Amino acid sequence: MSDEPGTIVVIEDDPNIADLVDMYLRRDGFRVIQASTAKAGLEAVAREHPRLVVLDIGLPDRMDGLEVCRTLRATSDVPVVILTARDAEVDRILGLELGADDYVTKPFSPRELVARVRAILRRSEPSARSGAGTLRIGDVEVDLDRHEIRLAGDVVAFTTREFDLLACLADNEGLVLSRRQLLDGVWGADWVGDDRTVDVHVRQLRKKLGGALPLTTVWGVGYRLG
Ligand code: CA
């Protein structure tokens, strides 16, 4: 990762939470742009080209955070961390399906949020994998240097997590990996989500690569590629 932490756009309508997140991220060296509506948030992302977006799901506009996530994903691969209410599991699952990279449940520790932001940025930095080469599984290529997935030579858009998940599976071609192993390998051992997160991302991989991806579900265990 470059020494410059860069800009983060925080889309959150509750000024207390926004200021708290802002303060902790600044303390960690980030430049922070706050937006209190979906519209202002999307404009800020288009204008600032941030390295990451912190996105509250409960926004006051007609467009909620999930819609913002969907819109962002259609135009950019910027990492997104969503903030959700503790009892809103459906939001978390939907958010991950729409391409969010991680989520933090309110009420949350700002330190934990900053740690997750850091972890995502570390993983999404292509230069960290420079010289790592390309993994090939049939018609699918996982280019670790360019952080790119190609299907029969054409680039397919993936989120950071989806990329990492496919890279992890491809790196262990022919082996059965449990959901726990995938969580540890892709999300990190300290990640506190449940196994369903893996299933949600696997579904996205299958949707995007279809029959070209020789990915088998091993019932009661996990997944095997190749
Ligand atoms: Ca809110």
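In listed order, ligands and their atoms are each counted from 1. These values consider heavy atoms only, across backbone and side chains, with no hydrogens, waters or symmetry-generated copies. Note that the numbering runs from 1 along the sequence shown for the chain. On a predicted model such as this, the values are computed, not experimentally measured, just so you know.
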Enquirer: Tell me, which pairs form a ring pair (Phe, Tyr, Trp, His ring centres under 6.0 Å) where one or both residues lie in residues 97-119, sequence neighbours left out?
Expert: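 Passing the test, one end in residues 97-119: Y103-W191.
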Enquirer: Going by the rule side chain to side chain donor-acceptor pair (under 3.5 Å), which residues pair with R116 if we only count those two or more places apart in sequence or in a different chain?
Expert: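 R116 satisfies side chain to side chain donor-acceptor pair (under 3.5 Å) with D102, E112 once adjacent residues are dropped.
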Enquirer: Applying salt bridge (Lys or Arg N to Asp or Glu O under 4.0 Å), can you list everything that pairs with R150, at least two apart in sequence or on another chain?
Expert: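 If we apply the salt bridge (Lys or Arg N to Asp or Glu O under 4.0 Å) test to R150, skipping adjacent residues, the hits are E141, D143, E148.
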Enquirer: Relative to the Ca ion (ligand 1), how many protein N, O or S atoms have a separation of less than 3.0 Å?
Expert: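 Protein N, O or S neighbours of the Ca ion (ligand 1) under 3.0 Å, waters not counted, come to 3.
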Enquirer: Working to the nearest 0.5 angstrom, can you tell me the gap between N172 CG and L177 CG?
Expert: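 Answer rounded to 0.5 Å: 4.5 Å.
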Enquirer: Do the side chain of R26 and the main chain of V32 share a donor and acceptor less than 3.5 angstrom apart?
Expert: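 Answer holds: yes.
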Enquirer: Among V21, L20, D28, exactly one meets side-chain contact (heavy atoms from CB on, under 4.5 Å) together with Y24. Which residue is that?
Expert: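 Testing each of V21, L20, D28 against Y24, the sole residue satisfying side-chain contact (heavy atoms from CB on, under 4.5 Å) is L20.
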